[in-house]
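Beneath this line is the structure, given in structure tokens, with notes to follow.
Order of the sequence lines fixes the chain letters, A, B, ..., with proteins taken first and strands second; residue numbering starts at 1 for each chain.
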There are 2 protein chains.
Amino acid sequence: MRVSNLHTVELDGIDKIILEALMENSKTSISKIAKQVGVSSTAIHQRIKKLENANIIGDTVTLLNYKALGYKTTAYVGVFLEKSVYYKDAINDMLKIPEIIEAYFTTGNYTIFIKILCKDNDHLMSVLRNGIQEIKGIERTETIISLEQSISRQIKP
Amino acid sequence: MRVSNLHTVELDGIDKIILEALMENSKTSISKIAKQVGVSSTAIHQRIKKLENANIIGDTVTLLNYKALGYKTTAYVGVFLEKSVYYKDAINDMLKIPEIIEAYFTTGNYTIFIKILCKDNDHLMSVLRNGIQEIKGIERTETIISLEQSISRQIKP
DNA sequence: CCTGAAATTGCTACGGT
DNA sequence: ACCGTAGCAATTTCAGG
């Protein structure tokens, strides 16, 4: 890894192999990566520390299989706000709705764009009617329901 | 954890503590969870194995900090297909565009709805013009650019 | 479903090239 | 920047209540 004077970072081949292994499985053992690359475990360990310090490696999380827990409906909702001033309050209200798992402030048609995870369509309707559309400043919403997720991945470093 | 005869799953309090700890940090040590709950490491280990076998625990991944790697633009693109028949081929073509990190088959206005990660707006324009809009069967697209991500989380079990 | 002990594996610090 | 060693901590297996 090389850090230029303009805050950009150059990863070499070994860094990329490390990152790809950890992206796929955060529990990949250092020794396994070391064997694959052909250097010592210590070297890999030192590189990982550097990548962590450079803030390139972020969180390590366990993803739950929500379908197994009964969450089978994913939807996106475009939110039209009366005035952008309501943005902060709207986000605060949205934080209280656990089904909202992502929210973005956006350009274009919508002011706020959110991702929702629900058990089924009835649950989604209830979240929309009794949750989201009750939030102050929301004019109207447009809902996009996902029938199938076809791609889900990270970008390779 | 209890599995009813209708394929639904009941998690007890200990399961939920385990899952929440691992969701936040997949590297949380078993022994730490064990101390918090007040049982042996072995018991926690066995429960984790069960949750894995029940497919409730999914992947454990390391998230990269894409901003540190120069990726600063997130966008969503709604895709209008001429005919739904083109869906499979379109997804196959999209798999070849690494900037596309999520894709959904959806109801509503759009046929396909995708999430894109780019370095900057020029990069985004290039992906749209030279990548996505070249795919066979795509009539037109609508782009929503995220200015700020305000919420990002998982649902609690 | 739990425990405790033993075996295994992996992490991390240190000294050196 | 990398290596080897060695001590330590954690995971995982096993026998048993």
Is it the case that the side chain of B:His45 and the backbone of B:Ser41 share a donor-acceptor pair, with hydrogens and angles ignored and the cut-off at 3.5 Å? no
A:Tyr76 versus A:Ile114: any side-chain heavy-atom pair under 4.5 Å? no
Nearest-angstrom distance from the residue atom NZ of A:Lys35 to P of C:dC11: 11 Å
Counting only heavy atoms from other residues, nucleotides and ligands, does the tally under 6.0 Å from CD of B:Glu24 exceed 12? no
Just to confirm, is there a sub-4.0 Å distance from OP1 or OP2 of D:dG4 to any side-chain nitrogen or oxygen of A:Ser40? no
Would you please confirm or rule out a distance under 4.0 Å between OP1 or OP2 of C:dG10 and any side-chain N or O of A:Ser31? yes
Take the protein atom CD1 of A:Ile44 and the nucleotide atom P of D:dC2, then report the distance between them rounded to whole Å. 8 Å
For B:Ile14 and for A:Ile30, find the nucleotide of DNA chain C with the closest heavy atom, then tell me which residue's nucleotide is more 5'. B:Ile14
Distance, rounded to the nearest Å, where B:Lys27 contributes NZ and D:dA9 contributes C1': 16 Å
Distance check: side-chain N/O of B:His45 vs OP1/OP2 of D:dT11, anything under 4.0 Å? no
Please indicate whether B:Lys88 has more than 12 foreign heavy atoms, meaning atoms of other residues, nucleotides or ligands, lying under 6.0 Å from its NZ. no
Under 3.5 Å, is there any donor-acceptor pair linking the side chain of B:Thr42 to the base of C:dG4? yes
